[in-house]
Amino acid sequence: MRRYLVLGGVILLAAFISPVAIFANDPSTSDQQHYVVRGLGVKLGAFTLASQRSGGTYGVRSRFISTGAVALLAKVHFEMQATGRWTSAGPRPAWFLENVNTGRRQSTAQIDYAGGVPRVTGGRLGADTPPLRPEHQRDTVDPATAIFRAVAPQAADDLCTLDQPIFDGARRTRLVLGPPRPKGAGLVCRGTLQREDGYSARELARAKSFDLELSYEAGPDGRFHMSTAKVATVFGTVTLQGGLTQAGR
């Protein structure tokens with residue numbers, strides 16, 4: 001069972017994949033971040049993120065993959081992509097694509113948004129519970145957009161202080177982050193990831209929420225990027241360590 005530790009620790013975090021539609025014309029315009037994921041005292045895998053916000057729109061793509069000896073026991077990976085508009089009220093997703101393989105759960109999903117309502121338009125969800133009604137998820141964003149809000153480089157005034165419902169096509173969660181606090185030369189935000197709907201009774205009995213701590217450092221352009229994350233799971237704490245490897249133009 002411990003081989004599935006990685007999923008709980010990085011479900012809100014994903015990694016950069018080779019250029020596709022979102023940044024196909026010029027991937028150098030994106031911010032790129034890379035992290036090493038550890039848990040149970042060993043390296044579990046690699047997490048990277050590419051994101052871009054320009055002209056009132058945004059794009060994000062992500063991937064996690066298990067590496068090293070852990071990959072011999074459990075080949076875990078997930079990829080996510082999303083695009084949307086950035087408004088004064090925050091992101092408004094337009095499209096989301098997910099491909100997840102945890103070793104025991106495989107799912108693919110494409111979500112398109114119309115009038116703020118997320119509708120699954122493709123893929124095969126790996127859910128064990130009845131589907132949630134899309135019209136009740138109007139206040140949500142997709143997981144990749146939630147990652148973008150929490151992890152991508154941003155001004156200090158925009159960090160954290162977040163209460164964001166998330167819908168992946170089958171399950172509803174909520175990411176809550178408190179205001180940033182000073183930590184050394186950087187900032188730290190603490191919060192929780194809460195399971196709200198679409199989970200089985202067994203899953204909720206094991207855990208209804210997970211604590212997390214995100215630490216940020218100032219980059220060369222003055223924006224703050226995530227340098228370390230600590231995320232509680234049912235098996236222990238997962239840590240991510242790394243940071244910005246390329247600042248978009």
Side-chain angles (χ1 to χ4, degrees), residues 7-8 10-14 21-22 49-62 78-100 105 107-152 154-155 157-179 189 191-201 203-204 207-212 214 231:
L7 177 65
V10 294
I11 195 60
L12 284 184
L13 304 169
I22 298 174
L49 177 75
S51 60
Q52 183 183 58
R53 178 178 162 187
S54 176
T57 64
Y58 72 91
V60 58
R61 63 170 179 245
S62 59
F78 60 83
E79 300 177 358
M80 300 179 189
Q81 302 177 45
T83 61
R85 296 181 299 107
W86 195 274
T87 72
S88 59
R92 294 292 182 264
W95 173 84
F96 169 72
L97 181 66
E98 170 191 83
N99 184 353
V100 175
R105 180 174 75 89
S107 67
T108 58
Q110 179 174 324
I111 298 176
D112 289 286
Y113 292 78
V117 177
R119 297 190 184 277
V120 178
T121 56
R124 178 179 60 83
L125 297 172
D128 300 324
T129 57
L132 304 181
R133 296 179 63 178
E135 58 269 25
H136 292 171
Q137 311 306 320
R138 191 184 296 270
D139 61 337
T140 65
V141 300
D142 60 86
T145 296
I147 294 169
F148 175 68
R149 289 203 68 183
V151 178
Q154 52 199 297
D157 290 344
D158 297 330
L159 285 177
C160 308
T161 315
L162 181 65
D163 186 348
Q164 179 63 67
I166 304 164
F167 180 60
D168 68 357
R171 298 171 177 84
R172 178 186 172 102
T173 56
R174 182 179 295 268
L175 175 63
V176 179
L177 290 174
C189 302
T192 58
L193 176 63
Q194 304 165 4
R195 292 172 166 175
E196 290 197 336
D197 206 351
Y199 291 88
S200 66
E203 289 173 317
L204 292 176
K208 292 184 178 180
S209 66
F210 301 93
D211 294 333
L212 55 102
L214 309 180
V231 185

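Judged as a side chain to side chain contact (heavy atoms under 4.5 Å, CB included), and not counting sequence neighbours, the contacts of R138 are V117. Under the side chain to side chain contact (heavy atoms under 4.5 Å, CB included) criterion, S54 pairs with no residue at all, not counting sequence neighbours. Judged as a salt bridge (Lys or Arg N to Asp or Glu O under 4.0 Å), and not counting sequence neighbours, D157 has no contacts. Listed by chain and residue number, Q194 satisfy the side chain to side chain contact (heavy atoms under 4.5 Å, CB included) test with S209 (two or more places apart in sequence, or in another chain). Scanning for salt bridge (Lys or Arg N to Asp or Glu O under 4.0 Å) contacts around R172 gives D139, E196, with sequence neighbours left out. Qualifying ring-ring contact (aromatic ring centres under 6.0 Å, His included) partners for F167, counting only residues two or more places apart in sequence or in other chains: none.
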Could you go step by step and tell me if R174 and Q164 meet the side-chain hydrogen bond (donor to acceptor under 3.5 Å, both in side chains) rule?
-> CA-CA 6 Å; R174 182 179 295 268; Q164 179 63 67; over 6 Å; no
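Panel note: side chain Q137, backbone P134; no donor-acceptor pair is recorded below 3.5 Å. Judged by distance alone, the side chain of Q154 and the main-chain N or O of R149 form a donor-acceptor pair under 3.5 Å.
The two residues L177 and C160 make their nearest non-hydrogen contact at CB-CB, 4.1 Å.
Ring geometry, Y58 versus F148: the interplanar angle falls under 30°, so the pair is classed parallel (tilted spans 30 to 60°).
Taking the ring axis of Y113 as reference, the NZ or CZ atom of R92 does not stay both within 45° of it and closer than 6.0 Å to the ring centre.
Atom OG1 of T57 is separated from atom CD of Q52 by 7.0 Å, given to the nearest 0.5 angstrom. Separating the CD1 atom in I111 from the CG atom in L97 is a distance of 9.5 Å, to the nearest 0.5 Å. Remark: R133 CZ to R119 CZ distance equals 10.0 Å, nearest 0.5 Å.
Using a 3.5 Å distance cut-off with no hydrogens or angles, the side chains of T192 and D211 do not pair a donor with an acceptor.
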